[in-house]
Q: 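Handing you a structure now.
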2 protein chains.
Amino acid sequence: MRSNPAPVVRARGEMATVGEVTPTPTIKTVAEAAGVSPASVSRALNGNPSIAPEIVERVMRAADAVGYRPNGIARSLRTRTTKVIALLIPDIGNPFFTAVARGVTDAAEAEGYTVLLCNTDEDPEKERRHLAVAEQARVAGVVLSPQGRDTDISRLRQSRIPVVVIDRPLREKTDAIVVRSFAGARAATSHLIDQGWSRPACVTGPASADTARARLRGYRAAIREHSGLPEIVAHADFRQEGATLAARELLDQPDPPDAFFVANAPMALGTLAALAERNLRVGSDVGFVSFDDAPWAPYMTPPISVVAQPAHPLGERAARLLMESLRTPTERRPRRITLSPTLIVRASSLRPPRG
Amino acid sequence: MRSNPAPVVRARGEMATVGEVTPTPTIKTVAEAAGVSPASVSRALNGNPSIAPEIVERVMRAADAVGYRPNGIARSLRTRTTKVIALLIPDIGNPFFTAVARGVTDAAEAEGYTVLLCNTDEDPEKERRHLAVAEQARVAGVVLSPQGRDTDISRLRQSRIPVVVIDRPLREKTDAIVVRSFAGARAATSHLIDQGWSRPACVTGPASADTARARLRGYRAAIREHSGLPEIVAHADFRQEGATLAARELLDQPDPPDAFFVANAPMALGTLAALAERNLRVGSDVGFVSFDDAPWAPYMTPPISVVAQPAHPLGERAARLLMESLRTPTERRPRRITLSPTLIVRASSLRPPRG
DNA sequence: TTGTACGCGTTATCAG
DNA sequence: CTGATAACGCGTACAA
C-alpha cells in the first residue's frame, strides 16, 4: 500500500522542501486565518475591551486552529517587562533555603511570575555572575540572600530592577526581610545554660556571613550574662562536613564543651555526626540546640531543640514585597521587615537531673 | 558652599526634565559613544573575528563607560534561542528533588544556562500551566518529572522544545532518565524478609505516579518470592502527613505489620512519626527501609537503611542530555538511560536475634 | 573591515 | 471598533 500523506498547509505558498519544518505560528498567522489584522488579534488575545465580541470569537478559534502560542520574548521586548523573578540563594540543599524557595515560588506563581533559581554557594564570584545574568535577562526583580554585606547591587539599581534582600542585610539601604538571629541565638544559648550545661560551645558559619556573626554574637551575649562561663567558638562553612571537622576539634580540646549551639541545619547534622563518633549521647552527655527547624529534627533521638525561622513565610513575603514594588515604580523608602524566630524546646537541650 | 553637580550626558540632546530617568543604554548608545556603527558594536561584543582590534578596544571602553548591558530579550528574539531550561518537579521540598535540582542547575550553569524552577505538586493542572509558561517563554528545553504517564508534551514537540523526562517515564517515547525502582524496592523488601521480619508492609505513593506503582510492584515481587507472607499495602500522597495517616491505619489493623518499606523520604519521616506515637522502636520492634537517601538518614537512631538514588548525577545527566540535543537539532531516536539505585543497609532494617 | 537596512513577534499609537 | 505603522534592541545579509 502506498502511504497517503496528509495535505499540509504552507504559509506564503512556499514549496515543500525535504526536511522542511512548519514554522511556529505567530500573531500574523492567526490574523490571516481569522481574516483580521494582527493588531486585532493582539487586542482580542489580551482582552482589550474595545473589540467586537464576534471578532474575539473568530480570533480565538483561529488561534487554536493553528496552534498559536504567544511569544513571550517578543512581548517582553515590546512591553519592556518580564514575569520572572530571580532567586539567588547560597544553596538550595540547605532546608532553610529550600523552604524559602518554596515560599518565593508559591507567592510568585500566584501572581503569574516564574522563578529563576541560582545557587551562589557563598561565592562572591558566582553571585556576581548570577546578578549579571539576571540583569541581562531583564528579570522583573531579584530576591537575594547576599554572600556578604557589600554585594554590589548598583547595576540592578541602574537598570531599575528592584531587589529584596533576605536573611542577611546589606550595608546599603534596600528592601530587606531578616530574622532576629541575635535574639534567637541568645535565647537558645540561655536556654542551654538554664538547663545547667556548663560549657556550651557555638559552631557558627563563615565570618563573611552576617547571620553567622549575629548568631555568634547572640551566643556570646548569653554566655556573658552568666559569669564564669567560657566562650568556646568554632567557625565552619555552614555545611555539614565542615561542621563535623569543627566539632571534632572542639571535642579534642582539653576541656571539651558539654553542649552545642549550632548555627544552621546542615551543620547540626555534621555536629551530630562528630558526637556520634565519640559515642556522646545528645540530651544526656551533651546538650544540643540548632538554628533552623528541619523536617527531621522532631524525629531524631532525642528530638532536636531548634530556633525555628519562618522560612516559607519569609520567602512569600519577599516575593510579595518585590511584586508590590513592581506595581509602584515610584521610589519609596526601603522597607525593612524583621521576623522573629521561635525557640522550640524538644529533648536534645534538656539536661537530666544529676545522678 | 554651592553644590557642584556633575555634568550629565544626555542621549539625543534631550532636555533634562524633572524626574526624568536616564534611559538604559543600548547597543546604539555604545555605538555613538564609540563613534562606530551599531553593527560594529554587536560584532565587537560578540567576538566576531572580522573586526579591527582597535575598534574592539574602543567599543569595550565605550560599553562600560556608558554602563551597557546586553539586552537578553532582544537577543533572544533575534536569534530565536534562549539560555534557560525549565525544571518541572513535584516538590522542591522533597530532598530527592532538591538534589536533582542541584544537579540540573550545576550542569546547566556550567554551559551558561539558567534554570526556571516550577513545582507541580503532583497536580496535572499546575503541570499543564507550567508547561504552557515554559513554551511561551521559549525555553531552550525542559526537564520534566511528569505527574502521570500521559502528560501531554505534544505542544512542546511542535514548538521544537526538547524534553528530558526524569524519574518517571512517559507512555510517549522521549528522552528519559529513570532509576530502577522495581529492582530497588524488591531488594529492600527482600532484605527485610531475609532479616526475619515476617509482616513487611509497603507505604507507597499515589497510583498515578509511575514510581509509586513500580516500588509497590517491587515490594510485591519480593513478598511473593517467599510463600506465606501477606501483602500489606497503603497508598499515600508521597508527603509526610499523608504517610503518618497511612501508617496509623496499617498499625491499627488486627494483624499489624512488623516492618515497613516506604517509597520516599518525606513519607519515611511521616511513618517514623506514627511509629513514635505508638512507642514502637525501629530496628527492634519494627524493621524499616525507605527509598531515597536523605541527609538525616544516617543520623537517626538507629540509622535508617535506604535505597539510595543517584539524585544529583541524575539531574546533571538530564541537563546534559538536554543541552546535547540542543546542539544536534537533528531528530535522533529517543535515548533512555536507566540508573541503578543502591541498597544501603544501616541499622533500621536489621533484626536483633530473638530473645 | 565597516555600515546600512531589515526582520525577529509584539504591542501601542494614530488615523479612519 | 479596526487597520496600518512604528518601535522595542539586537544580529546579520548585503553592499560598500
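Note on naming: letters A, B, ... go to the chains in the order of the sequence lines (proteins, then strands), and numbering restarts at 1 for each one.
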Q: Between A:Arg138 (CZ) and D:dG9 (P), how many Å, whole number?
A: 8 Å
Q: In sequence, state the C-alpha distance, the side-chain angles, and the governing distance for B:Glu111 and B:Arg320, and then conclude on salt bridge (charged side-chain N to carboxylate O under 4.0 Å, His left out).
A: CA-CA 9 Å; B:Glu111 304 197 24; B:Arg320 281 207 281 264; over 6 Å; no
Q: Mind calculating the distance between CG (A:Asn46) and C1' (C:dT10) to the nearest angstrom?
A: 9 Å
Q: Would you kindly give the CZ-to-P distance between B:Arg80 and D:dG11, to the nearest whole Å?
A: 15 Å
Q: According to side chain to side chain donor-acceptor pair (under 3.5 Å), does anything in residues 71-80 of chain A pair up with another residue at least two apart or in another chain? List the pairs.
A: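 Residue pairs with at least one partner in residues 71-80 of chain A: A:Thr79-A:Thr81.
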Q: To the nearest Å, give me how far apart CG (B:Leu45) and P (D:dT12) are.
A: 13 Å
Q: Can you confirm whether the side chains of B:Asp106 and B:His312 place a donor and an acceptor under 3.5 Å from each other?
A: yes
Q: Provide the full list of salt bridge (charged side-chain N to carboxylate O under 4.0 Å, His left out) pairs with a residue in residues 35-48 of chain A, sequence neighbours left out, each pair given once.
A: none
Q: For A:Asp152, check side chain to side chain contact (heavy atoms under 4.5 Å, CB included) against everything at least two apart and list the hits.
A: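 Scan of A:Asp152 (side chain to side chain contact (heavy atoms under 4.5 Å, CB included), adjacent residues dropped) gives A:Ser154.
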Q: Which of residues 57-79 of chain A have a heavy atom under 4.0 Å from DNA chain C?
A: A:Tyr68, A:Arg69, A:Pro70, A:Asn71, A:Ala74, A:Arg75, A:Arg78, A:Thr79
Q: Taking only residues two or more places apart in sequence or in another chain, which ones pass side-chain hydrogen bond (donor to acceptor under 3.5 Å, both in side chains) with A:Asp123?
A: none
Q: Under the side-chain hydrogen bond (donor to acceptor under 3.5 Å, both in side chains) rule, collect the residues that match up with B:Thr151, sequence neighbours excluded.
A: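 With sequence neighbours excluded, B:Thr151 shows a side-chain hydrogen bond (donor to acceptor under 3.5 Å, both in side chains) to B:Glu127, given in chain and number order.
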Q: Nearest whole Å is fine: how far is C:dC8 P from A:Ile27 CD1?
A: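 Answer to the nearest Å: 14 Å.
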Q: Mind checking side chain to side chain contact (heavy atoms under 4.5 Å, CB included) for B:Arg336 and listing every partner two or more places apart, or none if nothing turns up?
A: B:Pro169, B:Ala176, B:Thr338
Q: Find the bend of the helix from C:dT1-D:dA16 to C:dG16-D:dC1 as the angle between its two terminal axes (five pairs each), to the nearest 10°.
A: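 Here the local axes at opposite ends form an angle of 40°.
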Q: What residues form a side chain to side chain contact (heavy atoms under 4.5 Å, CB included) with B:Arg155, not counting sequence neighbours?
A: A:Arg69, B:Glu135, B:Gln158, B:Ser159
Q: So which protein nitrogen or oxygen atoms get under 3.5 Å of nucleotides 2-5 of chain C's nitrogens or oxygens?
A:
from  : atom 1 : to      : atom 2 : distance (Å)
C:dT2 : OP2    : B:Ala52 : N      : 2.7
C:dG3 : OP2    : B:Ser37 : N      : 3.1
C:dG3 : OP2    : B:Ser37 : OG     : 3.0
C:dG3 : OP2    : B:Ser40 : OG     : 2.6
C:dG3 : N7     : B:Arg43 : NH2    : 2.5
C:dG3 : O6     : B:Arg43 : NH1    : 3.2

Q: Return the set of residues passing side chain to side chain contact (heavy atoms under 4.5 Å, CB included) with A:Pro124 (not counting sequence neighbours), or none when no residue passes.
A: A:Gln147
Q: By side-chain hydrogen bond (donor to acceptor under 3.5 Å, both in side chains), which residues pair with A:Glu57, not counting sequence neighbours?
A: A:Arg61
